[in-house]
Amino acid sequence: MTDYSIQTVARHGSPLSNHGRNIAVFGLAFVFAAIGLMKFTAYEAEAIQGLVASSPLLSWLYGVFSVRGLSAAIGVVEVSAAILLALRPWSARAGAAGAAVISATLITTVTFLFTAPGWEPSLGGFPFLSVVPGQFLIKDLPLLGIALWALGDALSDLRRG
């Protein structure tokens, strides 16, 4: 007879947490690498131009870089951070650096929810998001949570080790 007691089922909790941790870290690294690589295309450079231009934190960068140049620079940062985060199983220091850069990037993109027109007026505005950019940007909130968790986890390992 199969034992489905709480204790038996709970024994699977730790392995599930470990698998979830690995999926979260490598998933975040994959997402950031993919998005970062897209920054080297004209399509992505044009797609982010409105978001960057409406941001008080970033709009000044168009005075320094062209649209394609800034997009490529962002791409270098995102791909580099993804690689560092992917190194986390072998280096807590690399993982912490990658998670810190990803966290800072996501904090910045979350501000786009307030600086870009993202609330759908036909639905009454806040809290109803437009498809673009609102629903596109809202994914950055849970990604930020994963990045901050990964940063804290790597820093804890550095402190212990």
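Heavy-atom basis, side chains included; hydrogens, waters and symmetry copies ignored. Remember, it's a predicted structure, so these values are computed and weren't measured experimentally.
The two residues Y62 and V52 come nearest to each other via the heavy atoms CE1-CG1, 3.5 Å. In terms of heavy atoms, L84 sits closest to A97 at CD1-CB, 4.1 Å. The shortest heavy-atom contact between L85 and G95 is CD1-O, 3.8 Å. Listed here is the closest heavy atom pair of R88 and D153: NH2-OD2, 3.0 Å. A99 approaches A147 most closely through the heavy-atom pair CB-O, 3.7 Å. The two atoms that bring F112 and L58 nearest to each other are CZ-CD1, 3.7 Å, heavy atoms only.
Contact check for F32 versus L106: side-chain heavy atoms found under the 4.5 Å cut-off. At least one side-chain heavy atom of V25 sits less than 4.5 Å from a side-chain heavy atom of W149. Put simply, the side chain of I74 does not reach to within 4.5 Å of the side chain of F65, judged on heavy atoms. Using a 4.5 Å cut-off on side-chain heavy atoms (C-beta onward), L143 and D140 make contact. Inter-residue side-chain proximity for V31 and K139 is flagged as unmet; no heavy-atom pair is nearer than 4.5 Å.
If you chain together hydrophobic residues whose side chains sit under 4.5 Å apart, I23 and L16 never meet in one group. Neither I102 nor F30 shares a network with the other; the hydrophobic side chains, linked directly or stepwise wherever heavy atoms of I, L, V, M, F, W or Y lie under 4.5 Å apart, form separate groups for each.
Side chain of S55 to backbone of L51: no donor-acceptor contact under 3.5 angstrom is found. Distance alone, capped at 3.5 Å, places no donor-acceptor pair between the S80 side chain and the V77 backbone. Distance alone, capped at 3.5 Å, places no donor-acceptor pair between the S59 side chain and the S54 backbone. The backbone N or O of L155 sits nowhere less than 3.5 Å from a side-chain atom of R160 that would complete a donor-acceptor pair. Remark: the backbone N or O of G152 is paired with a side-chain donor or acceptor of S156 at under 3.5 angstrom.
Atom CZ of R21 sits in a crowded spot, with more than 12 heavy atoms from other residues, nucleotides or ligands closer than 6.0 Å.
In this structure, S91 OG and D157 CG are separated by 10.5 Å, a value rounded to the nearest 0.5 Å. Separation of atoms CG (L141) and CD1 (I146) is listed at 11.5 Å; rounding is to 0.5 Å.
Screening K39, Q49, R68 against E44 for a side chain to side chain contact (heavy atoms under 4.5 Å, CB included) leaves a single residue, K39.
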